[in-house]
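Let me begin by presenting the structure, written as structure tokens, before commenting on it.
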Amino acid sequence: MDLVPSRCKIHITWIVTTMMMMMMMMQRGESMRLDMESGINKCISDDIKSNYMTVGTYSIVNPNEGHQLPPSHKLFVTVTSPKGKSHHHAENVVSGKFVFTADETGDYMTCFVAPGYRPTAKFAVDFEWKSGVEAKDWTTIAKRGQINMLEVEVRKLLDVTETIHEEMFQLREREREMQELNRSTNSRMAVMSVLSLAVTMSVAGLQLWHLKSFLERKKLL
């Protein structure tokens with residue numbers, strides 16, 4: 001029986017599966033539709049790593065295609081960093097886009113506010129938020145570098161691999177921090193247990209001493 005072809009098939013299948021998983025990770029993005037109402041605000045957060053590029057696009061859905069949006073359909077949009085730094089601010093807009101590179105790791109917040117209007121208006125907002133590998137404009141990169149789509153896909157896979165590698169290191173670092181926290185907590189608990197035992201024994205000794213003194217005064221001992 002020839003096992004070489006079977007091994008080759010298994011190896012090729014593993015490569016194809018890995019590539020498909022990487023492609024699924026690259027296509028992962030925060031795409032959603034928000035239901036807004038006059039006087040209401042909604043916020044969405046995303047955990048973004050430091051030095052990652054992030055791109056967001058938003059637009060109010062026109063209920064009547066071919067017609068202008070009513071004056072009640074407006075948005076105030078803000079994007080802030082974990083420490084409150086503003087990366088995007090827009091007022092009375094119907095659509096927009098923000099692009100920036102994260103200067104710190106943490107939860108970045110995008111808030112949409114529908115200004116008050118009478119009568120109350122309801123409308124939907126399409127919002128897409130991407131960061132990391134999926135945020136790159138690969139079409140522009142291909143045109144600028146004069147490379148074919150196969151090379152673009154290879155570059156995507158390389159970027160995804162690098163991203164996974166960085167995330168693995170970050171997970172290891174977090175695991176190390178958690179282990180140190182557990183060790184510190186266990187040490188503190190041990191000290192607290194010893195102190196509690198010492199206090200308990202001291203209180204018991206004082207109670208016995210007080211009882212003995214009381215009995216001696218009553219001449220019962």
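Numbers here simply count residues along the sequence, with the first being 1. Hydrogens, waters and symmetry mates play no part in the numbers below; they use all other heavy atoms, side chains included.
Taken from NE2 in H88 to OG1 in T80, the straight-line distance is 12.0 Å, to the nearest 0.5 Å. Atom OG1 of T78 sits about 9.0 Å away from atom CZ of F112, to the nearest 0.5 Å. The distance from atom OG of S187 to atom CG of N182, rounded to the nearest 0.5 Å, is 10.5 Å. If you take CG on N41 and CG on L75, they are separated by 11.5 Å, rounding to the nearest 0.5 Å. Note that the OG atom of S131 and the CG atom of D46 stand 5.0 Å from one another [nearest 0.5 Å]. Rounding to the nearest 0.5 Å places OG of S59 at 11.0 Å from CZ of F127.
By the 4.5 Å heavy-atom criterion applied to side chains, V99 and K97 are counted as neighbours. Looking at C111 and F76, their side chains never come closer than 4.5 Å, going by heavy atoms from C-beta outward. Residues V93 and Y58 meet the side-chain proximity criterion, which asks for heavy atoms closer than 4.5 Å. Counting only heavy atoms from C-beta outward, the side chains of I44 and M32 approach each other to under 4.5 Å.
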**OP:** Dump the intermediate steps for side chain to side chain contact (heavy atoms under 4.5 Å, CB included) on E65 and H67, then the final yes or no.
**Re:** CA-CA 6 Å; E65 292 292 338; H67 296 79; over 6 Å; no
Subject >> Criterion side chain to side chain contact (heavy atoms under 4.5 Å, CB included) on Q207 and L211, from CA distance to verdict >> reply: CA-CA 6 Å; Q207 288 178 340; L211 178 61; over 6 Å; no
**OP:** Take K122 and M36, measure what side chain to side chain contact (heavy atoms under 4.5 Å, CB included) needs, and give me the verdict at the end.
**Re:** CA-CA 6 Å; K122 295 182 178 181; M36 301 295 297; over 6 Å; no
**OP:** Test F214 against W209 for side chain to side chain contact (heavy atoms under 4.5 Å, CB included), laying out the working first.
**Re:** CA-CA 9 Å; F214 174 77; W209 175 80; over 6 Å; no
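A chain of hydrophobic side-chain contacts below 4.5 Å, direct or via other Ile, Leu, Val, Met, Phe, Trp or Tyr residues, connects L34 to I60. Hydrophobic clustering, with ILVMFWY side chains joined whenever heavy atoms are under 4.5 angstrom apart, groups L69 together with V77. Hydrophobic clustering (side-chain heavy atoms under 4.5 Å, transitive across Ile, Leu, Val, Met, Phe, Trp, Tyr) groups V79 together with V94.
Proximity of the aromatic rings of Y52 and Y108 is defined here by a centroid distance below 6.0 angstrom, and this criterion is not met.
For residues 170-179, the set of pairs meeting the salt bridge (charged side-chain N to carboxylate O under 4.0 Å, His left out) definition, not counting sequence neighbours, comprises E173-R176, R176-E180.
Residues H87 and S81 share a closest heavy-atom pair of NE2-CB, 3.8 Å. Closest approach of T54 to K130, counting heavy atoms only: OG1-O, 3.0 Å. Taking all atoms of both residues into account, the shortest heavy-atom contact from Q68 to N62 is C-ND2, 4.5 Å. Residues P115 and K74 approach most closely at CD-O, 3.3 Å, considering heavy atoms. Here the closest heavy-atom approach between residue K49 and residue A102 is recorded as O-CB, 3.4 Å.
Between the side chain of D35 and the backbone N or O of F123 there is no donor-acceptor pair closer than 3.5 Å. A donor-acceptor distance shorter than 3.5 angstrom exists from the side chain of T105 to the backbone of S50, with no hydrogens or angles considered.
Within a 6.0 Å radius of CZ in R183, more than 12 heavy atoms belonging to other residues, nucleotides or ligands are found. More than 12 heavy atoms of other residues, nucleotides or ligands sit less than 6.0 Å from atom CD of Q179.
Ionic pairing of D103 and K85 is present here: one or more N-O contacts between side-chain nitrogen and carboxylate oxygen are shorter than 4.0 angstrom.
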